Amino acid sequence: VIHVDGSVDPMRDADVINLELVLADGSQVDKRLERVIKDKKKLGEAGETERSALEKLKVALDEGKPARNVDLDDEEALSVKSLGLLTRKKMIYAANV
């Protein structure tokens with residue numbers, strides 16, 4: 001099988017995958033943030049905690065940084081856990097050399 005880019009470069013490939021994951025998480029955070037802002041009254045204080053966490057995550061993801069690098073307190077982390085953000089999870093790299 002020929003590599004998509006014509007050459008094998010593990011660092012480039014890892015960067016591409018990480019960027020794709022950041023973009024996917026960014027899209028999910030944007031959608032959820034819109035809903036939280038729209039339903040602000042209905043969600044109450046829990047919604048405010050989630051909004052705060054989502055705004056922090058949005059800044060990092062827009063800069064191309066993974067969500068795991070964002071410093072969230074316990075309540076904020078719990079409020080966005082259900083999103084299942086891929087860049088919030090730990091990453092293990094394995095190479096077949």
Side-chain angles (χ1 to χ4, degrees):
V1 178
I2 298 173
H3 193 279
V4 181
D5 289 332
S7 65
V8 177
D9 182 354
M11 292 303 291
R12 179 197 59 217
D13 295 345
D15 288 341
V16 169
I17 291 169
N18 286 331
L19 177 61
E20 290 175 359
L21 294 175
V22 165
L23 293 174
D25 283 354
S27 175
Q28 193 170 359
V29 166
D30 287 342
K31 289 177 188 174
R32 181 61 188 159
L33 185 57
E34 286 177 17
R35 277 188 249 134
V36 167
I37 290 171
K38 182 180 174 186
D39 298 337
K40 186 165 80 170
K41 292 178 185 176
K42 193 170 24 173
L43 297 173
E45 190 175 324
E48 190 61 32
T49 302
E50 185 177 4
R51 185 194 55 77
S52 171
L54 290 168
E55 288 175 347
K56 290 178 185 179
L57 290 166
K58 180 174 174 38
V59 169
L61 293 168
D62 286 348
E63 293 174 356
K65 298 177 183 173
R68 76 181 72 83
N69 292 352
V70 177
D71 187 30
L72 300 177
D73 65 32
D74 291 340
E75 288 181 26
E76 290 174 330
L78 188 59
S79 71
V80 296
K81 183 177 181 180
S82 65
L83 292 175
L85 299 176
L86 296 172
T87 61
R88 189 100 176 116
K89 300 177 186 303
K90 294 180 181 178
M91 176 93 45
I92 296 175
Y93 293 95
N96 184 6
V97 185

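The structure presented is a predicted model; accordingly, all values stated were derived computationally and were not measured.
- Remark: L61 CG to D30 CG distance equals 8.5 Å, nearest 0.5 Å.
- In this structure a side-chain-to-backbone donor-acceptor pair under 3.5 Å is present from Q28 to L83.
- Using a 4.5 Å heavy-atom cutoff, the side chains of L72 and R88 are in contact.
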message: Could you go through V16 and E20, starting from their C-alpha distance and side-chain angles, then the distance that decides it, and tell me whether this counts as side-chain contact (heavy atoms from CB on, under 4.5 Å)?
response: CA-CA 6 Å; V16 169; E20 290 175 359; 3.7 Å; yes
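- Remark: side-chain polar atoms of R12 are paired, donor with acceptor, to backbone N or O of S7 under 3.5 angstrom.
- Annotation: E75, atom CD; neighbour count of heavy atoms from other residues, nucleotides and ligands within 6.0 Å does not exceed 12.
- The distance from the OG1 atom of T87 to the CG atom of D25 is 3.5 Å, given to the nearest 0.5 Å.
- The two residues K89 and G84 make their nearest non-hydrogen contact at CE-O, 4.2 Å.
- Once rounded to the nearest 0.5 Å, the distance linking CG of L54 with CD1 of I37 reads 8.5 Å.
- Separating the CZ atom in R51 from the CD atom in E48 is a distance of 4.0 Å, to the nearest 0.5 Å.
- Atom-to-atom distance recorded for K56:NZ and D73:CG is 6.0 Å, nearest 0.5 angstrom.
- Sparse packing is recorded around CD of E45, with 12 or fewer heavy atoms of other residues, nucleotides or ligands lying under 6.0 Å away.
- Grouping Ile, Leu, Val, Met, Phe, Trp and Tyr residues whose side-chain heavy atoms lie under 4.5 Å apart, directly or via other members, places I17 in a hydrophobic cluster with L21, L86, M91, Y93.
- Here the straight-line distance linking atom NZ of K31 with atom CG of L33 works out to 13.5 Å at 0.5 Å rounding.
- Using a 4.5 Å heavy-atom threshold, the side chains of D15 and L19 count as separate.
- Residues V70 and A60 approach most closely at CG2-CB, 3.3 Å, considering heavy atoms.
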